[in-house]
Amino acid sequence: MAASFDSDKAAALHRHLHSHLPPEPALRVKALESLLVERGLVSTQTLDSWVEAYTEEIGPKRGAQVVARSWLDQDFRARLLENATEAIKEFGFEGNATGNLKAVENTDTTHNLVVCTLCSCYPFSLLGMSPAWYKAGAYRARAVREPRKVLKEFGVELSEDVAVRVWDSTAELRYLIVPQRPAGTEGWSEVQLAEIVTRNAMIGTDRDLKTGAA
Amino acid sequence: MDTIHDLGGKQGFGPVDVNEPEVPFHHDWEARAWALARAGGRPGLTIDWWRHMVERMDPATYMTVPYFEKWCLTDLVGYIDTGYFTVGEAIEGHLLTTPKGTPPKGIGLPELMENMRLSVKDFEVPTDEPAKFSVGDQVRTISYAVPTHTRLPAYARGRIGEVISHHGAHPLPDKSAQGLEVAEHLYTVVFKATELWGEEADPRDTVTLDLWESYFE
């Protein structure tokens, strides 16, 4: 079986389905699940495993561990910045949407921010599920045009000499922002350091990491 | 196509909801929609055709239904279009005339985690075509929309930027969304914010985009 690749047909199907399906999203998803199970395309056990994987196993703690190691091990940091796709294999964190991964470091004079204005591309196997705001219209529309205002809403204050670079990840490349290691963490272990790396810092909507939590 | 999904730079939106609780899913059905998208495998589709189907949602629907409902609706459209079940069956929520199949063997968490790790995919494809641009080159993007799916956002049309990296050849989404395999060189291009937004932009700021060769003049 092959797709029609007929754009107008897809639009017509969307209009028909949206006006005839029950309005509740939970019922729409239930219909999809019933159909795929009855059709023999998926097993319920595999679906449960996918939910468990992204609820229990995979999340921003993975990215935080990668960032923490990059602070402690300069050779690893060089490998990460050179080829993040390969570097995260040292942790076994490769998988969904990390086949063309780029790590970008914040510096004293540059702050990096990631958005996908066309959909919601995100390095799932490294950072887990993306936040709802990352997928919402307000962030997608505004992050490229007024990044400083958006950052302010997240509580990020930039000093006068900091430039903002926004990475609009609309192709196969996915981005990991490597935040700066905060002062006062000298002598900390990788585990301690990973504790203070926030999900938002790895997207770029957080900058100055707090050391109080660890 | 100039469809509703191309939101970069659109004005009139309110503040970002920064206080959202940090949980992977906010409803059980979201987790289910995610799992269905992953486990179903979207047979017979390309990622670009799937994205284009999302983009062909009615604009008002696109802007109002929750994110994972968009996935669910688009998966339904995809399976119907590909012939796995009918519109009537989707609305009923069960197969009516399409023969039932036997579900594949279920996979537990450890096996799934290992499969996922092995599934990592580099999208670069070999090509004999030499790259037209090099790092440091100035490029100008095309000025008009194309009639298909594309990954050049409207806000970056007809703009001058500088190539900062070259990634080899990758499948061109515009063609892949039509079921055609055409590879083109892919570059990361940096644009000054003032080039994109004029005087309202901060002259210190930049925006990067990953763009295929045919997106340049």
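Side chains are part of it too, since the values below use all heavy atoms of this structure and drop only hydrogens, waters and symmetry mates. Just so we're on the same page: letters track the sequence lines, and every chain starts at 1. A quick note: this is a predicted structure, and the numbers were derived from the prediction, not measured.
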Rounded at 0.5 Å granularity, tell me how far [atom1] in [X] sits from [atom2] in [Y].
X        : Y        : atom1 : atom2 : value
B:Leu45  : A:Phe5   : CG    : CZ    : 7.0 Å
A:Cys119 : B:Trp71  : SG    : CH2   : 9.5 Å
A:Asn100 : B:Asp122 : CG    : CG    : 4.5 Å
B:Arg204 : A:Leu158 : CZ    : CG    : 8.0 Å
A:Trp167 : B:Thr208 : CH2   : OG1   : 4.5 Å
A:Gln45  : B:Lys105 : CD    : NZ    : 7.0 Å

Contacting moiety of [X], where chain A heavy atoms sit under 4.5 Å:
X        : result
B:Leu186 : side chain
B:Tyr215 : neither
B:Gln11  : side chain
B:Arg117 : both
B:Phe25  : side chain
B:His27  : neither
B:Lys121 : backbone
B:Pro203 : neither
B:Met113 : side chain
B:Ala156 : neither
B:Ser176 : backbone
B:Ala31  : both
B:Phe191 : neither
B:Pro173 : neither

A:Ile58 vs B:Met116, side chain to side chain contact (heavy atoms under 4.5 Å, CB included): CA-CA, chis, key distance, verdict: CA-CA 11 Å; A:Ile58 299 171; B:Met116 186 191 311; 3.5 Å; yes
Chain B-proximal positions within residues 18-37 of chain A [heavy-atom distance under 4.5 Å]: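 Counting heavy atoms that sit under 4.5 Å from chain B, the residues of residues 18-37 of chain A involved are A:His18, A:His20, A:Leu21, A:Pro23, A:Pro25, A:Ala26, A:Arg28, A:Val29, A:Ala31, A:Leu32, A:Glu33, A:Ser34, A:Leu35, A:Leu36, A:Val37.
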Will you find, in the side chains of [X] and [Y], an N or O donor that is under 3.5 Å from an N or O acceptor?
X        : Y        : value
A:His14  : B:Thr61  : no
B:Arg151 : A:Thr170 : no
B:Tyr155 : A:Asp168 : yes

Qualifying residue, where the test is side chain to side chain contact (heavy atoms under 4.5 Å, CB included) with A:Leu13 and the options are B:Val87, B:Leu76, B:Leu73: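 So the option named by the test is B:Val87.
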Heavy-atom proximity to chain B below 4.5 Å, by part of [X]:
X        : result
A:Asp6   : backbone
A:Val164 : both
A:Tyr134 : neither
A:Thr205 : neither
A:Ala53  : both
A:Val115 : neither

Quick check against the 3.5 Å criterion: does [X] have a side-chain atom that pairs as donor or acceptor with the backbone of [Y]?
X        : Y        : result
A:Ser49  : B:Ile107 : yes
A:Glu172 : B:His170 : no
A:Glu94  : B:Val120 : no
B:Arg51  : A:Leu118 : no
A:Glu38  : B:Leu95  : yes
B:Asp81  : A:Ser4   : yes

With side chains defined as the heavy atoms from C-beta onward, is the minimum distance between [X] and [Y] less than 4.5 Å?
X        : Y        : result
A:Val51  : B:Arg32  : yes
B:Asp210 : A:Tyr175 : yes
A:Glu52  : B:Leu112 : no
A:Arg39  : B:Thr98  : yes

Mutual orientation of the aromatic rings belonging to B:Trp34 and A:Tyr54 [parallel < 30°, tilted 30-60°, perpendicular > 60°]: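 The arrangement is perpendicular - the two ring planes meet at more than 60°.
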Contact residues of residues 194-202 of chain B (partner chain A; heavy-atom separation under 4.5 angstrom):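 So far as heavy atoms go, B:Trp197, B:Glu200, B:Asp202 are the residues that approach chain A to under 4.5 Å.
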